[in-house]
Amino acid sequence: MTSRRPAVPLVLLAFAMAAALLACSGQAEAVPAFARKYHTSCQTCHSIFPKLNAFGEAFRLKGYRMPGETEEMVTEKPVSLGAPAYKRLWPEAIWPGELPGGVPLALNIKFAWVNTSTLNPDGTVTSVKNDLQFPQEANIFGAGTLGDHVSFFGEVTFGENPDSSVSVELEHARLNFDSPFGPEDAFHIRIGKFAPNLVDGIQEMWIVTDAAIDSLFAYNPIGPAGGTGLAGDMSPMPISLPDRVRGIEAYGILQHRILWVAGLANGISPGPNGGFDGNNAKDYYARFDFKLGGMGLDGDLGGKAPPAQNWRDDSVRIGAFIYRGDGSDINFESTNLDGSAVNVQDLHFLRTGLYASAFYKNLNVFAAYLHGSDSLQLLDPATSSPLGLFEPPFHAWFTQADYMFYPWLLGSFRYETVTPGDRSVPSLRTGVFNVSALIRANVKAMLEYQRDLREGRNHSLNGLVRFAF
Amino acid sequence: MTRHALALILTLTALAVAPTVPMVQGSAGGTITGTVTAAGLSTNANAVVYVEQAAGPFTPPAPAQIDQRNLKFVPEVLPVVVGTTVKFLNSDSVAHNVFSPDYEKYNLGTWPQGQFKDHTFAKCAKAPCVYTQLCLIHSEMQGFVVVLQNPHFAVTDAAGHFTINDVPPGKYTVGVWHQKLKAQPKPVVVEAGKPATVDFTLGR
């Protein structure tokens, strides 16, 4: 086996990806359907949307129910799908449920003013200046509760492309069963396509900026000497820490302070079997978090008064997570240094990480570290005979600081880096500066500068306006 | 119209609008009044406040009535003294059913607009005996017949106010029933011609 230098410097791939992701970024967003349901402002759950405050995080984890929620708090009364007394008649009757009182839909629209500079492999620079992507993206959300112990979340994203075509993606569609038994919030289970709690919650904090954290979510480990950078138009789906899965997940909150997560996911798709699960082998993941100080993960205050500023939550949260995937039988096409074709299978891969977040007054600093290892099987594309097996590790980390200058003004800085499995290529280092301002509680303007810290000709400056209703 | 005919009409009208509270032997007495607060709910209505035990016997009154109107039981909560017959009317243009999964359990069947069916709540070993009223056709409908030992009861209005009139002087325990919340009973002393006040705060 021969190792190879990447044909394209890693940094170029990184910025090509970053530019591409501009059109499809955006994980969770604010959901104004909840503002209508409770007749409350976005600020109840968000500091600068979509970043959740501690109360919003509890609301999310509890299955879109407020801590200590009473009937009186729900202004938009639900529609009964069965009198409560039918619970006593089950299984002779259908268990009673509810529908949201109003149509639980919301719309989120993003306009972008885009300026990018990208260094090409031939040494030239491609520039995009003052590209008015009005609009760039629209998201339709559906979210709410279906009576006791059941909640749902869905999101369809429409992106408009330069050639006037429209891309549509069903980003989320999940059903939750919340505290179906046992102590409240100790056990929840969800099925569908969703952002796994492996990273959700963490994401809620880092999606303040519009730049995706590619070092964690877009690394491509496939290569004859290990991965060299970020995944581009890679098919099958990139092998990385997944930001969304199709699967089943259980999670719960213990003693107000401990979050546990265990999940099962389809994994890489598509594969030789043509199904959503490419190889009939499931991926598994788990997470364990502990929060010290501030509001409990379920909204418990322990009898203490919460701070007057809704974004403050003096606390420290630490966690660890692990994802084990199986990519056997799924071929990724690659090339050796001599130009010969080779197929690569990631027989199994492991992503382990640590996470920490600290709030002190107006400052929130958070970071995550990810270690990845892959069992790469090289195969002759013609005969499928094995050519070699090796396990290149990679690691990545990022840290971000958010500071609330005013209730409507947030400044952020993020540094991220990834050291690829192929050690012959340099590490990726990226810096992101962001200023977010709420024009209204549901209208946000952002100015964001992203720079490749190794190659100054790779950078972008974008202005964005988002509004949700 | 003759004077006799007019008298007959007035008598019948008076009977028609008369309250369904039964005749109470020795009923001249005081009043129990107060407020019920249903914590966390959007209304304080439909709590039944009642005297737990009073000296009887009590003659059941004329039949009470629950209507099914606009896909709702009206009233939603009906307290009655044991032995009362309740007429279940259907005022909707769609068919309704009435059944109860409680105590002796009954299913009165299904009937169209303008018709009614009866059920007599003949016994109640330990008041209050709460009979949930359900409709098999419209599963969201729910009502309650609360069977009590004596006729000294009232249902709260939206503000939580209630008044129980004509309670014979004496010492009583006043209880409160609510479909979602509960509260401990409270003692009260009733004096002739005087109001006695008792308030409740309902919780989980």
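The chains referred to below are lettered A, B, ... by the order of the sequence lines, with proteins before strands, and numbering in each begins at 1.
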Residue list, side-chain contact (heavy atoms from CB on, under 4.5 Å) with B:P112, at least two apart or on another chain:
B:Q115
Around atom [atom1] of [X], are there more than 12 heavy atoms from other residues, nucleotides or ligands closer than 6.0 Å?
X	atom1	answer
B:L71	CG	yes
B:K123	NZ	no
B:Q184	CD	no
B:K186	NZ	yes

Taking non-hydrogen atoms and a cut-off under 4.5 angstrom, which of residues 31-45 of chain B neighbour chain A?
B:G40, B:L41, B:S42
Okay, B:F99 and chain A: the region with an atom under 4.5 Å from a heavy atom over there is side chain
Contact residues of residues 180-191 of chain A (partner chain B; heavy-atom separation under 4.5 angstrom):
none
Are there residues of residues 82-93 of chain A that reach to under 4.5 Å of chain B by heavy atoms, and which ones?
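The stretch touches chain B at A:G82, A:A83, A:P84, A:A85, A:Y86, A:R88, A:L89.
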Distance from B:Q142 atom CD to A:S80 atom OG, nearest 0.5 Å?
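These two atoms lie 8.0 Å from each other.
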